[in-house]
Amino acid sequence: MRWLVLFAVLVAGLAVHAGELPRKVIAFHHPNDDEMRFHPLHTLAEMPLNWLGLEMENRSTDEPFPEEAITDPEVAGVITWFEQNAMSRPLEYLDWAERMVDAGKTFVIFGDFGFLSDAQGNEVDRRRVNRFLNKLGIGIGSDWTDVTFDTRIVYRDPDMYDFERTMGGKLPAYETYTPASPDTVTHLKVRRMADGSESHLMMTSPNAGFVESFWTHYKDPVFFKTQWYVNPFAFFRKIFRTDSRPKPDVTTLSGRRMYFSHIDGDGWRNVSLVEDYRKDLVYSSRVILERAIAPYPDLPITVGPIVADLDPAWSGTEKAQQIAREIFALPQVEAAHHTWSHPFEWAFFEDYTPEKEAAFLRFYNIHEPSPWGRVGKGGGDVAYNLKAAYDQPRGFGSEPFDLDKEFGPAADYVQQFLPAGKRVELVLWSGNTSPTPRMIKASRDAGLLNINGGDARYDPEYPSLSYVPPVGRMNGGQMQIFAAASNENTYTDLWSDRFYGFRDLIHTLRNTEKPRRLKPVNVYYHMYTGEKEASLAALIGILDWARSQRLTPVTTSRYVRIAEGFYSTRFDQVGERHWRVLDRGALQTVRYDHAADLVVDMASAKGVLGFTHVQNSIYVALDASVKVPEFRLVPAAQIVRQPRPYLVDARWDIRNLKLAGGGAAFEAQGFGAGEMQWRGFAPGRWRVEASRNGTVLVARDVTTGPDGLLTATLEADAVEPLLVTIRPGGEG
């Protein structure tokens, strides 16, 4: 009987851990809010949520409240950031929200509650409001304080508040809030000195988090730049309890921070003013080829020309085409395109007609006579108000706009300049990089990946994480993947001044590595960088810096596929700190935080290449050849010696690891020398060889010490995959 009781307890304990880990957070916004790409849910909250392994699903309060979310194991909770306290169906929302809380879902409320009245201004019964808020551990009063000269902050949690900027000076207005549960924790409290009344403006409970309006972040009244008061990592980490969960990671591959780079084709035919080229009227694209691409075979680059710069029927020349052939012939270059006609403001073309664009034709350089070109001569009223920083809706207008032509036919046109074996992999979004869902779908229907947007900055000019975007954004059911860094356009005042400014990219690359690895290294620029001495020098300085770092360079298409895997990955928990990884696509790294004393139990791991520790987190490298990897984390003290060799880090992308006789064999692909570190090899001499099609290209003899660390560098061309073997022996 005692055995049966113990068995029942064990089974119950396993049941607590088993099941799919929730990763989805539903984000509600008002239907009349600005475009979601400018909403604080997207610009401020989504990136920290992504870094903690969570993805955001946007919904309007005018949509049906998702009943399926109540029982969906993928849904972790809800986040709202309303700037008004009314919605069209507040009672329906409160009913749904209560059932969500009862089902164990978590709520985060930034700013206004959003449900205190309906759209007509009719207030919701405060008892009904309090019934829901009390479930969250929050109480609301009715004492609004808008004059705050005698209000003082009497408590602020240093781990949760004053993160990027210290709240001080004239304090914002506030409502009276109180804890409604003994489990509610106050992180920010103010007191009105005249009467001693207090308000708890930042609270967390076991199933909720709340921060009062205007107390979340600072917004500059002139330039509208933002900085967090709240520490979003600590706040979301506590509310969603992410410390106990693995996170799909898009920054790291083979144990190292990833590197990728891509060039938008703008300025392909600009005449360079660089000293060695100016007298010969050389195109900027040739300068980039000769100074920033060809000398760096160890740094892959994705190049996307604008078709109009190549096609003679638009603005192309034979000289421009020849440069394209030479660029794409280089093995480190991946092919993309930057659309056919370079739309500046994508939304303009959502309901496009030629008549709508006719007033802008006078801005275009139309070479071939046609009825279309003559329509716009002589001007006319501009009927469309362009919101972007452009005076025309696209860069080239030799023909009426054709959405389909911007993707598949554009790829086909660029394809003719590629050597055999290469193909156009992706479209690099142009202009305001804000395509509509229909346009994203059109790119995918053409078989193309897509990237751009986000414009990550984290430097002295933009000293806030609020300028580091999420992995991407879901827009009308279509996924747009963001670049991981901004391009030189934002550093040079839209290519009008400070042409040296791109050198400040290194600030962002460093700040997104420490104290948290938030982004891979991304060097993203335009062909017009080859136009100026200062801009070219800045770019070369960045490339040389990248060469000095311990990175794993990949193509841009590889990064995009990894980023897409972030959204598809699921975790099935089978025990304590024990998971199976499902539906990860091309994503091959899983991170677990606060793990300095944890290691992977390699004896039970399946489909795991190895692991490494970075900044108190453990990064687990998965084997792409294994569909469903599985691993368990255990205290390091529990493992006296790992039973088999495992990867620490490598510059090359490694897969299909086979272990036998104490040695190892695996496939490797990458750029530059094959630096690698392994642990778990027996002390002694080892031979490391790289071969292709049975021919040994390079071999190294290395010696491991008592710690089992094997370090080797293979000087081999691995753009095409190699077979690497590590076996006992060697000449020492």
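Heavy-atom basis, side chains included; hydrogens, waters and symmetry copies ignored. What you see is a predicted model, and the numbers here were worked out from it, not measured in a lab.
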- Message: Donor-acceptor pair, distance only, cut-off 3.5 Å: does the side chain of Asn50 make one with the backbone of Leu54?
- Response: yes
- About how many Å separate CG of Leu299 and CD1 of Ile293, when rounded to the nearest 0.5 Å? 11.5 Å
- Message: With heavy-atom distances below 4.5 Å as the criterion, would you say the side chains of Phe681 and Val702 are in contact?
- Response: no
- Message: How close do Thr43 and Arg37 get, counting heavy atoms only, and between which atoms?
- Response: CG2-O, 3.3 Å
- Query: Should Lys247 and Thr242 count as side-chain neighbours, where that means a heavy-atom distance under 4.5 Å?
  - Reply: yes
- Message: Would you say that Tyr277 contacts Arg291 through its side chain, given a criterion of any heavy-atom pair below 4.5 Å between the two side chains?
- Response: yes
- When rounded to the nearest 0.5 Å, the distance separating CG of Leu722 from CZ of Phe666 is 10.0 Å
- Task: Output yes when a side-chain donor or acceptor of Lys519 lies under 3.5 Å from a complementary backbone atom of Pro470, and no otherwise.
- Result: yes
- With rounding to the nearest 0.5 Å, note down the distance linking CD in Glu461 to OG1 in Thr508. 10.0 Å
- Message: Keeping Arg584 on the side-chain end and Leu587 on the backbone end, is there a donor-acceptor pair under 3.5 Å?
- Response: yes
- Query: Do His262 and Tyr524 have ring centres separated by under 6.0 Å?
  - Reply: yes
- Query: If you take all heavy atoms of Leu428 and Ile263, which pair is closest and at what distance?
  - Reply: CD1-O, 3.4 Å
- Item | Ionic contact status for Arg700 with Glu715, cut-off 4.0 Å | no
- Query: Under 3.5 Å, is there a donor-acceptor pair linking the side chains of Glu345 and Asn432?
  - Reply: no
- Message: Could you check whether Lys24 pairs with Glu57 (Lys NZ or Arg NE/NH1/NH2 to Asp/Glu carboxylate O, under 4.0 Å)?
- Response: yes
- Task: Check whether any side-chain N or O of Lys627 sits under 3.5 Å from a backbone N or O of Leu582 as a donor-acceptor pair, and report yes or no.
- Result: no
- Determine, stepwise, if the pair Phe499 / Thr529 fulfils side chain to side chain contact (heavy atoms under 4.5 Å, CB included). CA-CA 9 Å; Phe499 296 107; Thr529 286; over 6 Å; no
- Message: Minimum heavy-atom separation for Ala668 and Ile654, please, with both atom names.
- Response: CB-CG1, 4.4 Å
- Message: Under 4.0 Å between a side-chain nitrogen and a carboxylate oxygen: does that hold for Asp593 and Arg591?
- Response: yes
- Query: Would you say the side chains of His526 and Asn489 form a donor-acceptor pair under 3.5 Å?
  - Reply: no
- Check whether any side-chain heavy atom of Leu330 lies under 4.5 Å from a side-chain heavy atom of Tyr296, and answer yes or no. no
- When rounded to the nearest 0.5 Å, the distance separating CG of Leu505 from NE2 of His507 is 10.0 Å
- Show your reasoning for whether side-chain hydrogen bond (donor to acceptor under 3.5 Å, both in side chains) applies to Gln669 and Asp653. CA-CA 5 Å; Gln669 188 274 331; Asp653 181 8; over 6 Å; no
- Note on the structure: Note: Leu657 and Asp623 closest approach over all heavy atoms is N-OD2, 2.9 Å
- Task: Determine, for Tyr462 and Lys225, whether the Lys NZ or Arg CZ falls below 6.0 Å from the six-membered ring centre while staying within 45 degrees of the axis.
- Result: yes
- Item | Glu425-Ser557 side chain donor-acceptor pair, cut-off 3.5 Å | no
- Honestly, is Arg23 close enough over Phe566, meaning NZ or CZ under 6.0 Å from the six-membered ring centre and within 45° of the axis? yes
- Message: Centroid separation under 6.0 Å, is that true for the rings of Phe233 and Trp51?
- Response: yes
- Can Asn452 and Asp264 be counted as having a side-chain donor-acceptor contact under 3.5 angstrom? yes
- Salt bridge check: are Arg444 and Glu564 linked by an N-O gap of less than 4.0 Å? yes
- Task: Verify, without hydrogens or angle tests, whether Thr555 (side chain) and Arg558 (backbone) share a donor-acceptor contact under 3.5 angstrom.
- Result: yes
- Taking it one step at a time, do Ile618 and Val600 satisfy side chain to side chain contact (heavy atoms under 4.5 Å, CB included)? CA-CA 9 Å; Ile618 187 170; Val600 176; 4.2 Å; yes
- Query: Just checking, any donor-acceptor pair under 3.5 angstrom between side chains of Asp497 and Tyr491?
  - Reply: no
- Take Val724 and Leu714 through the test side chain to side chain contact (heavy atoms under 4.5 Å, CB included) and record every step on the way to the result. CA-CA 10 Å; Val724 178; Leu714 300 177; 4.1 Å; yes
- Message: Suppose we call two aromatic rings close when their centres sit under 6.0 Å apart. Are Phe611 and Tyr619 close by that rule?
- Response: no
- Query: Should the pair Trp579 and Phe631 be assigned to parallel (<30°), tilted (30 to 60°) or perpendicular (>60°) ring geometry?
  - Reply: tilted
- Hey, does the side chain of Glu533 reach the backbone of Glu275 with a donor-acceptor pair shorter than 3.5 angstrom? yes
- With distance as the sole test, does Glu488 use its side chain to make a donor-acceptor pair with the main-chain N or O of Tyr525 at under 3.5 Å? no
- Task: Verify, without hydrogens or angle tests, whether Ser430 (side chain) and Pro343 (backbone) share a donor-acceptor contact under 3.5 angstrom.
- Result: yes
- Message: Does Arg325 qualify as a cation-pi partner of Phe417, given the criterion of NZ or CZ under 6.0 Å from the six-membered ring centre and within 45 degrees of its axis?
- Response: no
- Scan for ring-ring contact (aromatic ring centres under 6.0 Å, His included) pairs involving residues 539-559, sequence neighbours excluded, and state none if there are none. Phe260-Tyr559
- Will you find, in the side chains of Ser285 and Arg269, an N or O donor that is under 3.5 Å from an N or O acceptor? no
- Query: For His217 and Gln227, does a side-chain donor sit closer than 3.5 Å to a side-chain acceptor?
  - Reply: no
- Query: Among side-chain atoms of Arg257 and Thr552, is any donor-acceptor pair under 3.5 angstrom?
  - Reply: no
- Message: As an exercise, state the distance from OH of Tyr458 to OG of Ser464, rounded to the nearest 0.5 Å.
- Response: 7.0 Å
- Minimum-distance pair of heavy atoms, taken over all atoms of Ser625 and Asn656: OG-CA, 3.3 Å
- Message: Under a 3.5 Å distance rule, please check whether His613 uses its side chain to pair with a backbone N or O of Ala595 as donor and acceptor.
- Response: yes
- Message: For the backbone of Tyr528 and the side chain of Ser284, can you confirm whether one donor and one acceptor N or O come within less than 3.5 Å of each other?
- Response: no
- Task: Please examine the side chains of Arg692 and Leu697, heavy atoms only from C-beta on, and report whether any two atoms are closer than 4.5 Å.
- Result: yes
- Item | Nearest-0.5 Å distance, CD1 of residue Ile542 to CZ of residue Arg503 | 10.5 Å
- Between Ser486 and Asp455: side-chain donor-acceptor atoms closer than 3.5 Å: yes
- Do Glu675 and Arg256 sit within salt-bridge range, that is, some charged N less than 4.0 Å from a carboxylate O? yes
- Message: We want to know whether Glu531 and Ser272 form a side-chain donor-acceptor pair, criterion being a heavy-atom distance below 3.5 angstrom.
- Response: no
- Message: Testing the basics here: between Arg550 and Asp649, what is the closest heavy-atom pair and its distance to 0.1 Å?
- Response: NH2-OD1, 2.9 Å
- Anything under 30° is parallel, anything over 60° is perpendicular, the rest tilted; go ahead and classify Trp429 against Trp346. perpendicular
